[in-house]
> 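Pasting a structure here, questions to come.
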Amino acid sequence: MDREAYVEAVLRIVEAVPPGRVTTYGVIADSVGVGGPRQVGQVMANYGGPVPWWRVVRSDGSLPDTHQRSARHHYLDEGTPLRGGVRAVLRVDLTTALWTPAAGRTGDVGGV
DNA sequence: GGGTTGACCAATG
DNA sequence: TCATTGGCCAACC
């Protein structure tokens, strides 16, 4: 798979994440079926501009140290269930907010 | 061909 | 709950 094709596959999943929900790099990597979580991260770093990157979090619900503050505004705006609070690093309640590509396409196969 | 880097993950103390 | 360690995959120099 070309790099661009991989990028498109990743971005398509990120754009498919509904507001108020989040998904993880691992889930995306697993859904794409190619490469690993780190490749997803690199794609986001280079091409994640035009997509809701704040809906993509790490496996523990935290965000990249570089964008946590920016993402907080989006979470408050979308009503994403947060956890912890001002206590520590901004974190998302994955127990409630976790979304997976498979759960999103209910009956909509989309195709490839 | 080899070493370094990165928006990572899971296990352990 | 937080910090550390090892493993992971691909791109870049």
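Quick caveat: nothing in here was measured; it's all calculated off a predicted structure. The sequence lines fix the lettering, A, B, ..., with proteins before strands; numbering per chain opens at 1. Hydrogens, waters and symmetry mates play no part in the numbers below; they use all other heavy atoms, side chains included.
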> Could you tell me how far apart A:Arg3 (CZ) and C:dC12 (C1') are, to the nearest whole angstrom?
10 Å
> Hey, are A:Glu78 and A:Arg21 close enough for a salt bridge, meaning a charged N less than 4.0 Å from a carboxylate O?
no
> Ignoring backbone atoms, test whether A:Arg69 places a side-chain nitrogen or oxygen under 4.0 Å from the OP1 or OP2 oxygen of B:dA7.
no
> Rounded to whole angstrom, note down the C1' distance from B:dT5 over to C:dC8.
14 Å
> Using atom CG of A:Asp30 as one end and atom P of C:dC8 as the other, report the distance to the nearest whole Å.
17 Å
> Could you state the NE2-P distance from A:His74 to B:dA7, rounded to the nearest angstrom?
18 Å
> Quickly work out the A:Gln39 CD to B:dG6 P distance and round it to whole Å.
14 Å
> So, is A:Ser59 near the phosphate of B:dA10, with a side-chain N or O under 4.0 Å from OP1 or OP2?
yes
> Taking the inter-plane angle between the rings of A:His74 and A:Trp54 on a 0 to 90° scale, is it parallel (under 30°), tilted (30 to 60°) or perpendicular (over 60°)?
parallel
> Of the nucleotides C:dT1, B:dG6, B:dA7, which one has an atom closest to the side chain of A:Met44?
B:dA7
> Pick base, sugar-phosphate or nothing for A:Pro64, based on heavy-atom distances below 4.0 Å to the nucleic acid.
base
> Is there a side-chain contact between A:Val10 and A:Met44 (heavy atoms, below 4.5 Å)?
yes
> What is the distance from CG of A:Asn46 to P of C:dA10, rounded to the nearest Å?
16 Å
> Do A:Trp99 and A:Val22 touch side chain to side chain, with heavy atoms closer than 4.5 Å?
no
> Atom OH of A:Tyr25 to atom C1' of C:dC8: distance rounded to whole Å?
16 Å
> Considering only side-chain heavy atoms of A:Arg38, which listed nucleotide, C:dT1, B:dA7, B:dG6, is closest?
B:dG6
> Could you work out the separation of B:dG6 and C:dG7 based on their C1' atoms and round it to a whole Å?
15 Å
> Can you tell me the distance, in whole Å, between the CD atom of A:Gln42 and the P atom of B:dC9?
14 Å
> For atom C1', what is the distance between B:dG1 and C:dC12, given to the nearest Å?
14 Å
> A:Thr23 and A:Leu98: which non-hydrogen atoms are nearest, and at how many Å?
CA-CD1, 4.0 Å
> Output the single nucleotide from C:dA11, C:dT1, C:dG7 whose closest atom is nearest the side chain of A:Arg91.
C:dT1
> To the nearest Å, give me how far apart CG (A:Asp60) and P (C:dC2) are.
9 Å
> For B:dC8, take OP1 and OP2 only and decide whether either is under 4.0 Å from a side-chain N or O of A:Arg58.
yes
